[in-house]
Amino acid sequence: MPLRLRLPWRRATPGAGTRSRWRLGTCVGTGLLAMGVAGAGVGLLLAGALPRYIVEDRRSGYTYLSEENQRLQDDDFANPGLLWAERGRKIWQQTDGATGTSCTRCHGNAAESMRGVRTRYPRFDAQRGKLINLEQQINHCRAERMHAPSYPYESEALLALTTFVALHSRGLPIDVRIDGPAQPFFEAGKALYKQRRGQLDLACTHCHDHYAGQRLRGDIISQGQINGFPIYRHTWQTLGSTHRMFAWCNTSVRSEPYPLGSDEYVNLELFVAWRGRDLPVETPAIRR
């Protein structure tokens, strides 16, 4: 009898006009989790469902995708980002470090304990007196509670665990704090967003505010929202973080990028997250 696989994080198919189809023989997970699937419900997102990706004048990058890429993101059995989520699930459960503990021993069921976590980062960390993002919080937990080495920024392990944690906030609205102690860091991020850089003398705002929706050669410029990160990007043929995208944009205007995980990029991440406030978490999103 054909085997059906139901993922613990599978979301309901959006939209009243949505219909289901079955996809055969899809490979899910990492090398240890590969099986033929006889039936997997796939939501075909129709135009009537797009408003959930638009809040006032803020539009997710999802709305700029082709229908094919929208379907790819919506299908949990085809979205390649779920491969990293599956690896993150295994890292969540495995013991590590001098204490011989694991994420699950402290936090339990991630579906409950991690729900809504992705929506709040970056956030102000009183212990360090500055902003931290989700990747840095993961490494902080590893260092403080597990006595384990930090994962390098953009490493497969850190991307996988970040994706797994963020996945449990999928569909919830981005809701970062920009007041109180976070305010000066928010202002620094805003200033960087508007700062002209590189040989092309361009700022983030020139592309993503002034020309969003217009074409740059064969591509459509999006608003640069980050509610879907980490994302699987076809240009990279792999998963990538928000900071990798920032660095890619800096390089595109012929500007020297900041190091991944730098304070400058974390500040910018807070401002850009605020720009996309109330947009739903899409992790792992698909982008061009």
Using a strict 4.0 Å threshold on nitrogen-to-oxygen distance, state whether [X] and [Y] make a salt bridge.
| X | Y | value |
| --- | --- | --- |
| Arg128 | Asp125 | yes |
| Arg89 | Glu86 | yes |
| Arg52 | Glu282 | no |
| Asp175 | Arg277 | no |

Less than 4.5 Å apart, side chain to side chain, heavy atoms only: is that true for Ile91 and Cys103?
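A side-chain contact under 4.5 Å is absent here.
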Would you indicate whether the side-chain heavy atoms of Tyr193 and Asp209 approach each other to under 4.5 Å?
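They are in contact (side-chain heavy atoms under 4.5 Å apart), so the answer is yes.
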With no hydrogens and no angle check, is any side-chain donor or acceptor of [X] less than 3.5 Å from a backbone partner on [Y]?
| X | Y | answer |
| --- | --- | --- |
| Asn227 | Pro280 | yes |
| Arg196 | Asp201 | yes |
| His168 | Glu112 | no |
| Ser102 | Thr95 | no |
| Arg288 | Ile220 | yes |
| Gln214 | Tyr211 | no |

Side chains of [X] and [Y]: donor-acceptor distance under 3.5 Å anywhere?
| X | Y | result |
| --- | --- | --- |
| Tyr265 | Asn250 | yes |
| Glu154 | Ser241 | yes |
| Arg197 | Ser255 | yes |
| Tyr151 | Arg142 | yes |
| Arg275 | Gln223 | no |

[atom1]-[atom2] distance between [X] and [Y], expressed to the nearest 0.5 angstrom:
| X | Y | atom1 | atom2 | answer |
| --- | --- | --- | --- | --- |
| Asn69 | Ile286 | CG | CD1 | 7.0 Å |
| Trp92 | Ile138 | CH2 | CD1 | 8.5 Å |
| Arg244 | Trp236 | CZ | CH2 | 5.0 Å |
| Thr163 | Leu82 | OG1 | CG | 9.5 Å |
| Leu279 | Leu172 | CG | CG | 13.0 Å |
| Arg58 | Thr63 | CZ | OG1 | 13.0 Å |

Would Arg59 and Tyr64 count as a cation-pi pair here, with the cationic atom under 6.0 angstrom from the ring centre and within 45° of the axis?
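Geometry flag: set, cation within 6.0 Å and 45°.
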Establish, yes or no, whether the cationic atom of Arg87 lies under 6.0 Å from the six-membered ring centre of Phe164 and within 45° of the ring axis.
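No, Arg87 does not lie over the aromatic ring of Phe164.
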I'd like to know whether CZ of Arg177 has more than 12 heavy-atom contacts from other residues, nucleotides or ligands below 6.0 angstrom.
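Open.
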Where does the angle between the aromatic ring planes of His243 and Tyr153 fall among parallel (under 30°), tilted (30 to 60°) and perpendicular (over 60°)?
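Ring orientation of His243 relative to Tyr153: parallel.
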Going by salt bridge (charged side-chain N to carboxylate O under 4.0 Å, His left out), name the residues that satisfy it together with Arg233, two or more places apart in sequence or in a different chain.
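Not a single residue meets the salt bridge (charged side-chain N to carboxylate O under 4.0 Å, His left out) criterion with Arg233.
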